[in-house]
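Counting starts at 1 for both ligands and their atoms, following the listed order. Treat the numbers as computed from the prediction; the structure is a model and nothing was measured.
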Amino acid sequence: MTIARVALPVAAHTAFDYWVPAGLEVGCGQMVRVHLGRRALAGVVVAIGEATEVAGDKLQPVREVIAALPPLPPDVLAMAEFVARYYQEPLGLVLAQMLPPLSAALPRSPVAVAAVALTAEGRAALPLRVARAPRARALLERLQATDGATLGADAIAALTPRARALLRAWLTHGWVAPAIADPMPALPLPPLNADQQTAAAAVVAALSSFAPFLLQGVTGSGKTEVYLAAAAAAIAAGGQVLLLVPEINLTPQLAQRIAAALPGRRTVLLHSRLAGGERRRAWAAAAAGDADLVLGTRLAVFTPLPRLALIVVDEEQDASFKQQDGVRYHGRDVAIWRARQRGVPIVLGSATPSLETLAQAQRGRYGWLKLPRRAVLPAVLPALRFEPGRDPGAVEGLGTALLAAIEARLARGEQALIFINRRGYSPSLLCSACGWQAGCPRCSARLVVHRNDRELRCHHCGHAERLTRACPDCGNVDLMPLGHGTQRLEGALAARFPDARIVRIDRDSTQRKGAFVAMRESVHAGEVDILVGTQMLAKGHDFPRLTLVGVLGADNALYSADFRATERLAALLFQVAGRAGRALLPGEVIVQTDFPAHPLYRALAAHDYDSFAATLLAERRLTGLPPFGHLALLAAEARDRGDVDAFLAAARAAADAVALAAALAVDVYPPVPAGLARRAGLERGQVLVQSAARGPLQRFLPAWREALERLPGRRVRWALDVDPAGFS
Ligand code: ADP
Ligand code: ZN
Ligand code: ZN
């Protein structure tokens, strides 16, 4: 009897055995449907054998082979096993994470896609076939007329029904394929400058072997052109390229540049916000080797790519590469593992590399490619000024110097960006009579005033209540919003500059689908004078008329207890500052701070990330924190503080026992409350484990996890986070 071992998406660290009915073709990597007890589940076959320990009457059959997806190739299965082992997650959950959703139906008409483009096969086959069919010839000419041969949604909608039917037929033949973007005017690609050429050549020379690179380039230095030049070479040599980006918001501009750099090549987009069918189609195109380039967020790292030749991780330092719930993997780190596994180069690009990556480059383990200059005029980086936020002329946190600088931009028809990393109106509401502050009933956090919606909201659990007029404790009606958020600044700027066109960009203002893209377009079109926003504005946007960046409230992050907070703040500020003066106009950055002498601000003024990174690295070395040590965090939560404390105390004792028994050099810290001690009604705590080397920690974790699974504590939810992003 053939037995299939199936990894199922359940919280169990074992696979399950099923017998394979005659006539079912089941191999490793195949998706199948089975029953677990009475539950119907989809899982992945991870082994085929002849024997099982499951008793004959308990053994169930494989119910169905899911043919909609091709089986996972061995290298992807091996990657899943690595992720499961490294992050201490059940293999079935890891696999479920890697696969595109099965449930969503395919769109009825394949032309219901945003855009289509000619494929290489189409280019070869169609000219002959349409020779004597005028309608088809006209359609082909339409496709060829656009550079990148892409037909956008509007153009498709405007076609006659017969032309659309033709397009559908061509899609089925594979002569056209869904493309990622509407046709945009193809950007003429600049010739690479000397630094870019050197960098691209180094990557190209390393194609076909494992070679990690740090590409460190100041903002505006043209890292993207280097990625694309290397990608073009890899694809020309018959390879596929995986390009990972932190956020999909970045991709429209990027998609346009890819189309220009890789004419006639097929790019697919993969991220979690795609409709299930779209994601499945893109995944299948990559897995079949049809797509030349996969552009995606962290989950795209798991895409099967038979001809993989190059991996690029843009903004490699970005925190969003780390998944914070479910399977807590780090997309960049998995990408590095995969590059090694497949023997291909990987380029980690950043203006502000993570300390992990920087340390590897310094040790000579990664090739270190540098783009020290901006690629476009003005070749100079913006000038920085530090100004106090509290001066007598300040208006709602906007100091006199900043107000004057904004005024000057308005007079010259240039744009200003005001950055504050806080959405809402003000981060708290205070009673000036008795000292009451509006707090979340479910979290140990303050409620944020959202004046536009007349609400108080918790940014941790989503709790919302009506904005109160009177203090619930003393009845005082003079409640004071304390501190500044984007809404408040927007209001203050509108009052101060009534003729200016102001746009606020934060998570609240961009909730509607397409809102962010529309806003960015209007900034580009010069329809906006002042932008106010959070870190959504910091990355990847090139606004040619933007010449002033004002930074407010950055000092707050200097006091954070999180060991990565200053590193993050540094990356963010270097990025924000890099938004000023990207095209022909010189830029200026004004940072409002009470600590202008802080090493971070001094480094920012000198455009010298490396010196600040060196300071941070020295601190990390002293404290044994990453990259000089390795961490795992056990986070637990429960209704009762007592349950959390008891569980964590037992967890710590178990950890000590495991480390002692195996003589492993790991340090186990006493349990502490989490940074946010209560969230959504749950008390939270954590135990940190630290080790100087990865080996002992990796040997320690499986044994500790098994011990944790045996601990009593039904009322406690817990999770292990390997290489945690921070202590939250
Ligand atoms: P980065 O990602 O390093 O911040 P980008 O790749 O976004 O920089 O490039 C910034 C700008 O410089 C883009 O508008 C790009 O078209 C332009 N650019 C890049 N390389 C060159 C070059 N060699 N010559 C002229 N302009 C360039
Ligand atoms: Zn009061
Ligand atoms: Zn809350």
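- Ion pairing of Arg466 with Glu455 is absent here, as no side-chain N (NZ or NE/NH1/NH2) approaches a carboxylate O to less than 4.0 Å.
- Residue-level proximity to ligand 1 for Pro191 is carried by the backbone, the only part with a heavy atom below 4.0 angstrom.
- Of the charged side-chain nitrogens involved, at least one lies within less than 4.0 Å of a carboxylate oxygen, so that Asp721 and Lys322 count as a salt-bridged pair.
- Arg678 and Glu637 are not joined by a salt bridge, as no carboxylate oxygen comes within less than 4.0 angstrom of a charged side-chain nitrogen.
- Less than 6.0 angstrom separates the ring centroid of Tyr609 from the ring centroid of Phe574.
- Here the angle at the Zn ion (ligand 2) defined by SG in Cys431 and SG in Cys474 stands at 110°, rounded to 10 degrees.
- Of all atoms in ligand 1, numbered sequentially from 1 with element shown, those under 4.0 Å from a heavy atom of Asn193 are 23 (N).
- Proximity to Thr224 (heavy-atom distance under 4.0 Å) selects the following atoms of ligand 1: 2 (O), 5 (P), 6 (O), 7 (O).
- Taking every heavy atom of Thr219 and a limit of under 4.0 angstrom, the matching atoms of ligand 1 come to 4 (O).
- Listed by atom number, the atoms of ligand 1 under 4.0 Å from Val218 heavy atoms are 3 (O).
- Each of Leu417, Ile590, Val591, Leu604 was checked for a side-chain contact (heavy atoms from CB on, under 4.5 Å) with Val551, and the lone residue meeting it is Val591.
- With 2.8 Å as the limit, Cys461 counts as an N, O or S neighbour of the Zn ion (ligand 3).
- Among the backbone and side-chain atoms of His459, none of the N, O or S atoms lies under 2.8 Å from the Zn ion (ligand 3).
- With the Zn ion (ligand 2) as the vertex, SG of Cys471 and SG of Cys434 span 110° to the nearest 10°.
- Residue contacts with ligand 1 do not include Gly217, since none of its heavy atoms lies under 4.0 Å from the ligand.
- In summary, of the residues considered (Val313, Ile311, Ile346), a side-chain contact (heavy atoms from CB on, under 4.5 Å) with Ile336 occurs for Ile346 alone.
- Looking at Arg257 against ligand 1, only its side chain comes within 4.0 Å, counting heavy atoms.
- Looking at Arg266 and Asp292, no side-chain N of the basic residue comes within less than 4.0 Å of a carboxylate O on the acidic one, giving no salt bridge.
- For ligand 1, the polar-atom distance check against Ser221 finds a nitrogen or oxygen pair separated by under 3.5 Å.
- Residue contacts to the Zn ion (ligand 3): His463 brings no N, O or S atom closer than 2.8 Å.
- The minimum heavy-atom distance between Ile505 and Leu531, with the atom names listed, is CD1-CD2, 3.8 Å.
- Of all the atoms in ligand 1, the ones that sit under 4.0 Å from a non-hydrogen atom of Gly222 are 1 (P), 3 (O), 5 (P), 6 (O), 8 (O), 9 (O), 19 (C).
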